[in-house]
Amino acid sequence: MKDIKVLTIQDISCVGQCSLTVALPIISACGVETCVLPSAVLSTHTAGFKNFTFRDLTSDIPAIFNHWKNEGLSFDAVYTGYLGSAEQIEYMITLAKNSIKDGGKFIVDPAFADNGKLYPAFDLNYVNEMKRLVAVCDVVVPNLSEACFLCGIEYKTEYDESYVKSVVDGLVSLGAKSVVLTGIGYEKGYTGIVTFENGVYSYYKHEFLPNSCHGTGDIYASAFVGAVVNGKSLYDASVVAADFTVLAIKETAKYDNHWYGAKFEPVLYKLNSLING
Ligand code: PXL
């Protein structure tokens with residue numbers, strides 16, 4: 001049996017169904033050990049709650065890395081999401097260099113923007129630093145807003161395939177080896193995923209659900225990581241993650257007032273069969 005260990009670095013939003021409270025159960029449900037490094041602790045996420053607390057954990061990272069180094073710990077995959085500061089990006093670069101096993105994957109969800117806007121905690125300096133992380137990753141998993149900020153391309157809500165190709169090519173020219181670009185829809189009622197791997201562009205079209213929920217990017221990226229470490233190709237993992245995210249959004253629509261996150265928990269048991277058939 002292969003003893004697979006994934007490390008994910010993201011914030012703990014105590015309430016909000018995003019980041020670590022999503023990644024930990026979802027990646028674990030894929031049957032792999034999930035190690036965590038909290039980048040920050042917030043009372044809630046920042047998308048709709050007011051007066052949230054924020055504790056940046058940047059200063060804890062050197063001692064944590066040092067301990068892991070002394071213990072000889074390394075990981076089959078490292079997945080970064082919402083970080084606590086621009087300074088943490090340098091630490092993530094070091095982690096990628098020193099703590100991923102041979103043949104392991106470094107997966108980066110930039111997690112700093114949506115709907116063409118930066119999340120409140122981030123600025124253009126953070127975007128610039130994130131470009132350095134994209135340059136060393138194996139797979140970048142941005143939404144269109146994040147990809148446009150990273151590439152310096154105007155964010156559009158209506159576009160064609162050549163626009164999307166220019167965005168993917170922009171990420172590749174930053175150094176990303178593979179790209180999984182989420183939330184790309186060309187027709188009313190549909191959205192989808194564009195993947196780029198080994199010179200090949202692919203597209204998976206799926207239903208667009210009108211009840212948009214916060215945290216679905218984290219659900220998507222977590223299911224994607226879980227599928228990748230189970231040996232799925234990037235395209236197949238993208239399909240698993242999209243189908244799982246759709247299930248979670250549909251589940252959320254059954255509740256009248258659940259505005260701050262997506263109810264992935266009732267459908268979590270379906271994830272393993274999406275991966276293993
Ligand atoms: O889902 C992305 C995310 C993660 N963490 C925090 C957030 C958000 C989105 O707003 O605020 C703290």
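Each residue takes its place number in the sequence, starting with 1. One-based numbering, in listed order, for ligands and for the atoms of each.
When the shell of 6.0 Å around NZ of K101 is examined, it contains more than 12 heavy atoms from other residues, nucleotides or ligands. Around OH of Y190, the count of heavy atoms belonging to other residues, nucleotides or ligands within 6.0 Å does not exceed 12. The environment of E158 atom CD is sparse: at most 12 non-hydrogen atoms of other residues, nucleotides or ligands sit within 6.0 angstrom.
Among all non-hydrogen protein atoms, the one lying nearest atom 5 (N) of ligand 1 is D11 OD1, 2.8 Å. For atom 3 (C) of ligand 1, the closest non-hydrogen atom on the protein side is Y82 CD1, 3.7 Å.
Geometrically, ligand 1 and T44 share no nitrogen or oxygen pair separated by less than 3.5 Å. Between T46 and ligand 1, at least one N/O pair is under 3.5 Å apart. Between S19 and ligand 1, at least one N/O pair is under 3.5 Å apart.
For the 3.5 Å distance criterion, the side chains of T195 and S238 fail to qualify, holding no donor opposite an acceptor.
Which parts of ligand 1 touch D218 is read off a 4.0 Å heavy-atom cut-off, strictly below it: atoms 1 (O), 2 (C), 4 (C). Remark: ligand 1 atoms within the under-4.0 Å shell around heavy atoms of A47 are 10 (O). When each atom of ligand 1 is checked for a heavy atom of S13 under 4.0 Å away, the hits are 6 (C), 12 (C). For ligand 1, the atoms closer than 4.0 angstrom to any heavy atom of C18 are 1 (O), 4 (C), 5 (N).
In summary, D76 and K105 do not engage in a salt bridge, as defined by a charged side-chain N under 4.0 Å from a carboxylate O. Looking at K177 and E197, no side-chain N of the basic residue comes within less than 4.0 Å of a carboxylate O on the acidic one, giving no salt bridge.
Judged by the 6.0 Å and 45° rule, K263 forms a cation-pi pair with Y255.
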